[in-house]
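In what follows, a single structure is set out as structure tokens and then discussed.
Model, not experiment: these values are computed from the prediction.
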Amino acid sequence: MTIQTQPIELYYWPTPNGWKITIMLEELGVPYVIKYVNIGRGEQFEPSFLKISPNNRMPAIIDPEGPGGKPISVFESGAILQYLGRKFGKLYPTDERQRVEVEQWLFWQMGGLGPMAGQANHFRIYAPEKVPYAIDRYTNEVNRLYGVMNKRLADRDFLAGDYSIADIASIGWTMGYERQGQDMNEFPNLKRWFETMKARPAVRRGIDIGKEERERQNLATDKEAQNILFGQRARA
């Protein structure tokens, strides 16, 4: 495994996407430092952050010991997981068939579980107007995706067989199952995976990072933060 001597800088806020990277770094046991990006205060739009994350989204990292020993920045949580998995040779297999299995489920999370769970959470919890069609649409789609996971996990412990970045990517987006209108008891295989994941020390540590910051900012009542997060348009 590659030895990291200088800490990786992680630009982070405690959300399901941010947790992906804290969990990964905790699993790898490599040194890193947290650089909080308070997305409810608009810090994601600061020019210094946009240089490393042009999509004005966290997480992002700066690895001072990137390829060729030179610093590299990486944005987008899936790309960061792949980069760290390749660099440190853990949780992202080198065998092509196994890697394809992991990548399928990683991108399934990136394109499906995350966005749909996020929309379900938004329309159920934060939308100023309760729109039944939107609530039903996204709640039902999350239910379908939970069903996909439940079937997948019927004959294996983890999404791609062995524990991998695919599981790390997905756990945070199932933590809010109640807010997404789901009953975990309907999905016994998923529930078993969920409990197994939560019991991993690195997962617990990763999710706990910034917990106090998250609790201090109650997004459900913080109208300023809601305006920043839910009213974004293109900026020059």
Given side chains that start at C-beta, do those of [X] and [Y] come closer than 4.5 Å, heavy atoms only?
{"X": "Val74", "Y": "Gln82", "value": "no"}
{"X": "Glu65", "Y": "Lys70", "value": "no"}
{"X": "Ile207", "Y": "Ile23", "value": "yes"}
{"X": "Asp167", "Y": "Trp105", "value": "no"}
{"X": "Lys20", "Y": "Ser170", "value": "no"}
{"X": "Leu84", "Y": "Leu25", "value": "yes"}
{"X": "Ile61", "Y": "Ser73", "value": "no"}
{"X": "Ser164", "Y": "Leu159", "value": "no"}

Looking at every non-hydrogen atom in both residues, tell me the closest pair between [X] and [Y] and how far apart they are.
{"X": "Gly85", "Y": "Tyr92", "result": "CA-CB, 3.8 Å"}
{"X": "Arg156", "Y": "Gly161", "result": "CD-N, 4.2 Å"}
{"X": "Asn17", "Y": "Ser77", "result": "OD1-OG, 3.9 Å"}
{"X": "Tyr12", "Y": "Ile209", "result": "OH-O, 2.6 Å"}
{"X": "Pro31", "Y": "Gln4", "result": "CG-O, 3.6 Å"}
{"X": "Pro67", "Y": "Ile72", "result": "CD-CG2, 3.8 Å"}

message: If the test is side chain to side chain donor-acceptor pair (under 3.5 Å), which one of Arg124, Gln180, Gln119 qualifies with Thr139?
response: Arg124

query: Mind checking what makes salt bridge (charged side-chain N to carboxylate O under 4.0 Å, His left out) contact with Arg86, not counting sequence neighbours?
result: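 By the salt bridge (charged side-chain N to carboxylate O under 4.0 Å, His left out) rule, Arg86 matches no residue at all.
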
Donor-acceptor under 3.5 Å ([X] side chain, [Y] main chain):
{"X": "Gln109", "Y": "Ala166", "value": "no"}
{"X": "Gln182", "Y": "Tyr177", "value": "no"}
{"X": "Glu26", "Y": "Ala202", "value": "no"}
{"X": "Arg192", "Y": "Asp157", "value": "yes"}
{"X": "Arg204", "Y": "Ala199", "value": "yes"}

So how far is it from [X] [atom1] to [Y] [atom2], rounded to the nearest 0.5 Å?
{"X": "Arg144", "Y": "Leu113", "atom1": "CZ", "atom2": "CG", "result": "10.5 Å"}
{"X": "Met149", "Y": "Lys151", "atom1": "CE", "atom2": "NZ", "result": "14.0 Å"}
{"X": "Thr174", "Y": "Ile171", "atom1": "OG1", "atom2": "CD1", "result": "3.5 Å"}
{"X": "Leu145", "Y": "Asn140", "atom1": "CG", "atom2": "CG", "result": "11.0 Å"}
{"X": "Met24", "Y": "Phe88", "atom1": "CE", "atom2": "CZ", "result": "8.5 Å"}
{"X": "Leu153", "Y": "Leu190", "atom1": "CG", "atom2": "CG", "result": "6.5 Å"}

Partners of [X] by ring-ring contact (aromatic ring centres under 6.0 Å, His included), sequence neighbours excluded?
{"X": "Tyr163", "result": "Phe158"}
{"X": "Tyr32", "result": "none"}
{"X": "Phe75", "result": "none"}
{"X": "Phe107", "result": "none"}

Gln44 versus Ser53, side-chain donor and acceptor atoms under 3.5 Å: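 On atom types as modelled, these side chains do not qualify, holding no pair under 3.5 Å.
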
message: Tell me whether the rings of Tyr126 and Phe230 are parallel (<30°), tilted (30 to 60°) or perpendicular (>60°).
response: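 Because their plane-to-plane angle lies in the 30° to 60° range, the rings of Tyr126 and Phe230 count as tilted.
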
- prompt: Val33 and Trp19: same hydrophobic cluster, using ILVMFWY side-chain contacts below 4.5 Å?
  reply: no

- prompt: Applying the 4.5 Å side-chain criterion to the ILVMFWY set and letting contacts propagate, would Ile125 and Met175 be lumped into a single cluster?
  reply: yes

query: Can you list every salt bridge (Lys or Arg N to Asp or Glu O under 4.0 Å) pair that touches residues 87-114, not counting sequence neighbours?
result: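 Matches after skipping sequence neighbours: Asp63-Lys87, Glu101-Arg152.
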
Verdict with supporting geometry, Val203 and Ile168, side-chain contact (heavy atoms from CB on, under 4.5 Å): CA-CA 8 Å; Val203 172; Ile168 292 172; 5.9 Å; no

message: Looking at Glu27 and Arg200, is there a salt bridge between them, counting it only when a charged N and a carboxylate O are closer than 4.0 Å?
response: yes

Contacts of type side chain to side chain contact (heavy atoms under 4.5 Å, CB included), residue [X], not counting sequence neighbours:
{"X": "Asp183", "answer": "Asn185, Glu186"}
{"X": "Arg57", "answer": "Asn55, Gln232"}
{"X": "Leu50", "answer": "Asn56"}
{"X": "Lys211", "answer": "Asp208, Glu215"}

field: Ring-ring centroid check Tyr11 Tyr36, cutoff 6.0 Å
entry: no

query: Above 12 or not: heavy atoms from other molecules or residues under 6.0 Å from CG of Asp162?
result: no

task: Quick one: name the residues clustered hydrophobically with Phe45, using the 4.5 Å side-chain heavy-atom rule over I, L, V, M, F, W, Y, and just say none if it's on its own.
output: Ile228

- request: Sorted by first residue and then second, give each ring pair (Phe, Tyr, Trp, His ring centres under 6.0 Å) pair with at least one member in residues 127-147; sequence neighbours left out.
  value: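 Only Phe123-Tyr138, Tyr146-Phe187 qualify under ring pair (Phe, Tyr, Trp, His ring centres under 6.0 Å).
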
- request: Kindly indicate, with the supporting measurements, whether the criterion side-chain contact (heavy atoms from CB on, under 4.5 Å) is fulfilled by Trp173 and Met116.
  value: CA-CA 10 Å; Trp173 286 105; Met116 296 300 103; over 6 Å; no

